[in-house]
Amino acid sequence: MSKVKVTLPDGSSRDYDQGVSVKDVAFDIGTGLGRASIGGRIDGEEVDVSYQINEDVNLELITFGSEEGLDIYRHTAAHVLAQAVKRLYGDVQLAIGPTIDDGFYYDFDMDYRLSEDDFDKIEKEMKKIVKEKLDITSEVTSKEEAIAKMKELGEDYKVELIEELEDDELTFYSQGEFTDLCRGPHLPSTKKLKANAIKLLNVSGAYWRGDENNKMLQRVYATAFYKKKELDEYLERLEEAKKRDHNKLGRQMGYFTTDPSVGQGLPLIMHKGAKVIQTLQRFVEDEEERRGYELTKTPYMAKDDLYRISGHWDHYKDDMFVLGDEEEVDKDLLALRPMTCPYQFMIYNSKQRSYRELPVRYAETSTLFRNESSGEMHGLIRIRQFTLADGHVICTPEQLEEEFSSVVDLVNYMMESLGIEEDIWYRFSKWDPNNKGKYIDNPEAWERTQNQMRNILDKLEIDYVEAEGEAAFYGPKLDVQFKNVHGKEDTVITIQIDFALADKFDMTYVDKDNQKQRPIIIHRSSIGCYERTLAMLIEKYAGALPTWLAPVQTQIIPISDKHLDYAYKVKEELAKEGVRVEVDDRQEKVGYKIREAQVEQVPYMLIVGDDEVEANTVSPRHRREGDLGAISIEEFKKDILEEIENKA
RNA sequence: GCCAACUUAGCUCAGCUGGUAGAGCAGCUGACUUGUAAUCAGCAGGUCAUCGGUUCGACUCCGAUAGUUGGCUCCA
């Protein structure tokens with residue numbers, strides 16, 4: 001029998017008989033390791049412990065308890081979930097059951113409507129399956145056999161999946177009476193799962209293959225950990241995250257409210273929320289002006305003619321609020337604006353442009369209206385009317401790289417100012433060549449622009465993930481992504497290179513050879529949409545916004561009524577420097593007023609009583625650090641102004 | 001738009017298998033003039049989301065509508 005050489009991650013190697021299993025190797029290294037191994041990685045590819053090694057390989061063992069093993073572990077848990085559901089509800093067809101970031105899900109097609117009330121029962125059955133200590137075995141079959149097998153089992157979705165696979169060799173995994181098509185790897189036995197560390201989380205609908213024209217299946221989300229303690233910690237983290245939910249906190253703290261008679265997705269932003277937005281907006285508009293942007297103020301609605309030129313009428317009409325009746329031919333048809341671009345393009349087109357004036361940079365604090373579907377609205381994150389820090393850079397092809405880079409620089413500056421540069425990441429959103437309806441049909445231009453954009457991104461050394469089918473209909477995007485407290489990804493900002501609309505609007509400039517040329521357009525936001533940004537800030541800071549953004553920056557707390565005059569004097573001192581300051585003049589105990597200011601997350605409280613009046617001082621109390629001791633009014637003023645200036 | 005759950009006082013929530021509702025906080029009134037996270041007492045607050053049905057009787061069961069939440073799809 002010939003030998004194979006197995007090289008381990010530490011560089012050492014061992015010789016074995018051909019056909020040795022991963023498990024054998026693990027036990028050969030050590031019994032402890034043997035028992036702990038739940039999979040292996042051979043030349044980078046994950047395999048079962050039962051995998052037989054037939055040639056010289058690099059082997060890395062994946063052990064129970066390891067980060068990388070968790071995926072295998074959860075994948076097996078997903079199979080156990082499917083097995084339990086099949087046992088309990090009989091006529092169930094399986095769709096897909098992948099692992100995701102914090103757990104896994106499985107999609108089922110079944111008549112019985114699952115609800116969370118069924119979870120107990122399903123979890124019990126899963127526990128039973130774990131207790132049954134079923135061996136998990138794999139079997140490789142040909143495509144033809146696989147299809148026959150799945151047809152026999154009545155698994156239509158699996159048949160569909162297999163038919164589209166290119167491979168002729170397919171793997172099935174079985175445990176007890178349950179068999180599923182799966183690439184693997186899996187645990188060697190269901191007994192390796194910790195039954196009390198598995199939890200079903202929620203059930204929802206999900207279209208087969210994510211296509212709304214397909215049947216809606218039932219998706220069960222769940223998670224699994226190696227230990228109950230890890231599960232408990234995870235659940236606790238979820239609870240903690242929910243406490244930061246802007247949709248709860250924002251309402252509780254009086255940032256915004258909603259009312260059914262106003263309508264869905266139409267939040268009423270109250271003083272505190274409006275104050276934060278105003279602060280942000282002034283900051284953004286000033287910074288953009290400094291960076292050479294021209295401010296514009298364009299109409300909230302326009303005739304359909306404008307949207308027909310831009311192509312929005314064809315691509316986007318269902319999502320716009322159209323005013324007027326399309327049947328009445330002799331009356332204008334208007335639509336509320338879902339974006340600012342066509343308006344700013346009209347400004348560009350209002351005169352002939354020379355290459356000398358390019359780049360032209362337009363910025364506008366722009367209220368937009370989008371008719372989101374009813375199931376989409378979420379707090380301040382997905383709404384029907386919102387305010388975007390919008391803008392467009394119109395430049396020559398030669399200027400594109402520099403202009404794009406400076407937009408990225410602006411965005412980075414904004415993210416740093418908000419203190420969220422560590423919480424966001426970049427997504428390079430490309431078109432999907434197979435989705436003809438969604439994108440402008442010009443494959444050559446798509447590929448060219450995307451390559452251009454990739455080159456710029458790589459030059460800027462930006463880390464990004466690529467996402468197919470996330471582009472705008474007219475061009476690729478660089479998106480800034482953020483995760484909300486529910487773990488869901490939202491786009492905060494997008495920067496787009498547009499190769500199409502300049503054509504549609506017949507935008508030109510005259511170059512130095514006196515020839516008319518097409519400019520390139522960059523669509524961009526600097527800080528995103530103010531409502532969504534506010535939501536993000538509330539969640540990031542759990543309501544305790546940085547001082548420069550806090551709606552109230554200083555709360556003055558007089559000990560008793562007789563200190564009111566002094567309190568107002570201090571207020572005046574600070575207010576004239578632009579500090580947002582209030583006096584709590586209610587007849588309450590100091591402790592009570594402090595507690596309220598604390599709950600409101602006011603950065604500084606200034607306690608003033610006899611001592612302070614006497615010495616002409618204030619006693620600041622920081623919301624996190626507590627009592628800071630008495631200092632002069634001047635000193636406090638200097639400190640807080642510096643903190644506001646530095647956006648600390 | 002689709003799937004599921006939820007909707008009780010301004011807010012947070014209790015109310016077992018049907019017998020017309022309760023707490024804390026907030027609010028109002030009064031007393032207390034207060035030194036670093038809740039002073040005390042009293043009062044007032046609800047067509048139990050809305051509409052319809054079953055029932056002698058519905059907050060409770062059923063249906064429709066609206067809103068909210070979590071997903072799916074969509075997202076210029």
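At most 12 heavy atoms of other shown residues, nucleotides or ligands fall within 6.0 angstrom of atom CD in A:Glu236.
Contact annotation for A:Tyr207: base contact, defined as any heavy-atom pair under 4.0 Å involving a base atom. When heavy atoms are screened at a 4.0 angstrom cut-off, A:Thr258 is found touching no nucleic acid atom at all. Contacts of A:Glu588 with the nucleic acid, taken as non-hydrogen atoms under 4.0 Å apart, include base atoms. Nucleic acid contact for A:Glu116: none, since no nucleic acid atom lies under 4.0 Å from a heavy atom of the residue. Note on A:Lys477: only backbone sugar-phosphate atoms sit closer than 4.0 angstrom, heavy atoms only; bases stay farther off. At the heavy-atom level, A:Arg219 lies under 4.0 Å from the strands shown only through sugar-phosphate atoms. No contact: A:Tyr105 has no heavy atom under 4.0 Å from any strand. Among the atoms of the strands shown, base atoms are found under 4.0 Å from some heavy atom of A:Asp319. Within the nucleic acid shown, A:His315 has no heavy atom closer than 4.0 Å to any nucleic acid atom. Contact annotation for A:Ala500: no contact, since no heavy-atom pair falls under 4.0 Å across all strands. Within 4.0 Å (heavy atoms only), A:Gly379 reaches sugar-phosphate atoms of the nucleic acid but no base atom.
Remark: A:Arg595 does not engage A:Glu588 in a salt bridge, criterion side-chain N to carboxylate O under 4.0 Å. Ion pair A:Lys483/A:Asp101 flagged as a salt bridge, since at least one NZ, NE, NH1 or NH2 atom sits closer than 4.0 Å to an Asp/Glu carboxylate oxygen.
Partner A:His392 forms a ring pair (Phe, Tyr, Trp, His ring centres under 6.0 Å) with one of A:Phe345, A:Tyr293, A:Tyr343 and no other, that one being A:Phe345.
Across B:U36 and B:A31, the matching C1' atoms stand 24 Å from one another, rounded to whole Å. B:C2 sits 23 Å from B:A49 when the C1' atoms are compared, rounded to a whole Å.
When the side-chain nitrogen and oxygen atoms of A:Gln598 are compared with OP1 and OP2 of B:U36, none of them lie within a distance under 4.0 Å. Between A:Tyr592 and B:U36 there is no side-chain N or O to OP1 or OP2 distance below 4.0 Å. Phosphate proximity of B:G35 to A:Arg621: absent, as no side-chain N or O sits under 4.0 Å from OP1 or OP2.
For A:Phe636 and A:Tyr604, the distance between ring centers is under 6.0 angstrom.
Under the salt bridge (charged side-chain N to carboxylate O under 4.0 Å, His left out) criterion, A:Lys124 pairs with no residue, sequence neighbours left out. Contacts of A:Tyr106 classified as side-chain hydrogen bond (donor to acceptor under 3.5 Å, both in side chains), with partners at least two apart in sequence or in another chain: A:Lys158, A:Asp180.
RNA chain B lies under 4.0 Å from at least one heavy atom of each of the following residues of residues 608-616 of chain A: A:Gly609, A:Asp610, A:Asp611, A:Glu612.
Nearest-nucleotide assignment on RNA chain B puts the 5′-proximal partner with A:Met216, out of A:Asn202 and A:Met216.
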